[in-house]
Amino acid sequence: MFSGYNEYDMPELPEVETVRRGLSRLIVGKKVIHVSFDTPKSFPNPSGEVDQFLVSTTVTAVHRRAKVLLIELSSGYTLVTHLKMTGQLVYIANGRWHMEDGKNKKPIANSHMPIAAGEARFGGGHPNDSLVGELPDKSTRVIITFEDGTRLFFNDQRKFGWMRLIPTISVPEIDFMKRLGPEPLEDDFTAEVLYERLQRRKNTSIKAALLDQSVVAGIGNIYADESLWGAQIHPATLVRDILPSAISTLHSEIISVLKLSLDKGGSTDKNYVDAEGKKGSYLTFANVFRREGQACPRCGRAIIKLRVAGRGTHICPQCQPILG
DNA sequence: CACTTGACCTGTCCGC
DNA sequence: TGCGGACAGGTCAAGT
């Protein structure tokens, strides 16, 4: 079963995009017939709205903006979903329903390996762990059942994540959405754009600036550390002290790190489908993240961990000198 | 307005 | 062995 943060990792852009691709393949076109949810924190809409705008509607598309999933429905509403750190969406396609007695509906748990549409965790697990334990479990917040009997579980141990039904037309007007910076894997994210966006945070550390979703959308703690290592910039360096040429290097590192992880996310998703375990997870090729004490792949010095911007931060002290 | 810190949560790990 | 505290980190609210 799930056992904590070093087996679970927080979804950032590549993980959420992987989830999006999985869901897009698996649930578009499916009709919702039942929704159950418990904590209002995880799903604050009143049940009347759920009945009116989610139940009996069909999934028409799954989009992503930054780390937010946008599950569009035929009702004109969108199920806006943020996994935060420990959220995961698990799609179970082949749990069958017991219908023998007509009243005791019960899925055959684990009769087949579930297909994960993309879980939040992608690293550091034990090869023998089952990918998904019997669901629902105590972290299950929402269960969406489709007409064909397949189900989507929203699990979130720490209840930071949420799902929320919002009129599709209003989604871009959500404050959070309006503030977001550019998508780093879109063509309009150029080095010049990054430089310009960073000017709003020029008196803070580059790490804090990269975590600021209004500067660039979708970067979290892992990719901030990895891209800064790639660009050989110390995370505590003030933005105003970084030369434009270094910003340009950082820009290309952000893109290559995200793309590399996205490739791995795809392979991880395939592994889930094939019930092959968690081989090929991101952390097997992370250069610094959670690798304190290990040798820097570039120079061999031991990687160290420190705190920058209130976050655990991993650097090579030789490749990323102070005031780089 | 720019910036920092604490709160939100649950579960695990570490030191005593 | 039990227990308290630190820690994991995305985002927002509150404070400087």
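Note: hydrogens, waters and symmetry copies are ignored here, and every other heavy atom, side chains too, is used. Residue numbers begin at 1 in each chain, while the letters A, B, ... track the order of the sequences.
Summarising the geometry, the separation between CG on A/Asp212 and P on B/dC1 is reported as 14 Å, rounded to the nearest angstrom. Rounded to whole Å, the distance from CD on A/Glu292 to P on C/dC7 is 13 Å. The CH2-C1' distance, from A/Trp162 to C/dG10, rounds to 11 Å in whole Å. Nucleotide B/dA2 holds its P atom 15 Å from the CZ atom of A/Arg240, rounded to whole Å. Residue A/Leu198 contributes atom CG, which lies 14 Å from atom P of B/dA2 at whole-angstrom precision. A straight line from CG of A/Leu210 to P of C/dG9 spans 15 Å, rounded to a whole angstrom. Distance A/Arg179 CZ to B/dA2 C1': 15 Å, rounded to the nearest Å. Rounded to an integer number of Å, the gap from A/Gln199 CD to B/dC3 C1' is 16 Å.
With sequence neighbours excluded, the residues satisfying side chain to side chain contact (heavy atoms under 4.5 Å, CB included) with A/Pro244 are A/Tyr195. For A/Arg201, the side chain to side chain donor-acceptor pair (under 3.5 Å) test picks out A/Asp212, with sequence neighbours left out. Contacts of A/Glu72 classified as side chain to side chain donor-acceptor pair (under 3.5 Å), with partners at least two apart in sequence or in another chain: A/His63.
For C/dT11, one of the phosphate oxygens OP1 or OP2 lies less than 4.0 angstrom from a side-chain nitrogen or oxygen of A/Gln213. Within the 4.0 Å cut-off from OP1 or OP2 of C/dG10, not a single side-chain nitrogen or oxygen of A/His82 is found.
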> How would nucleotides 4-10 of chain B be written as a contact map, 5' to 3', with B for base contact, S for sugar-phosphate-only contact and - for no contact, using protein heavy atoms under 4.0 Å?
Replying inline: S---BBB

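Rounded to whole Å, the P atom of C/dC3 lies 24 Å from the corresponding atom of B/dC9. A gap of 22 Å separates the P atoms of B/dG11 and C/dT11, to the nearest Å. Comparing B/dG6 with C/dA6, their C1' atoms sit 15 Å apart, to the nearest whole Å. Rounded to whole Å, the P atom of B/dC3 lies 23 Å from the corresponding atom of C/dG9.
Atom CG of A/Asp187 sits in a sparse spot, with 12 or fewer heavy atoms from other residues, nucleotides or ligands closer than 6.0 Å.
The pair A/Lys30-A/Asp148 counts as a salt bridge, with a side-chain nitrogen and a carboxylate oxygen less than 4.0 angstrom apart. A salt bridge does not link A/Glu15 with A/Lys67: none of the charged nitrogens is closer than 4.0 Å to a carboxylate oxygen.
In this structure, NZ in A/Lys207 is found 8.0 Å from CG in A/Leu306, a value given to the nearest 0.5 Å.
Aromatic ring centres of A/His251 and A/Phe189 lie closer together than 6.0 Å.
Hydrophobic cluster membership for A/Ile303: A/Trp229, A/Val288 (Ile, Leu, Val, Met, Phe, Trp, Tyr linked by side-chain heavy atoms under 4.5 Å, directly or transitively).
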> Dot-bracket for DNA chain C: what is it, with Watson-Crick or G-U pairs under 3.5 Å, [ ] where a pair crosses earlier ones, and | for a pair to another strand?
Replying inline: .|||||||.|||||||

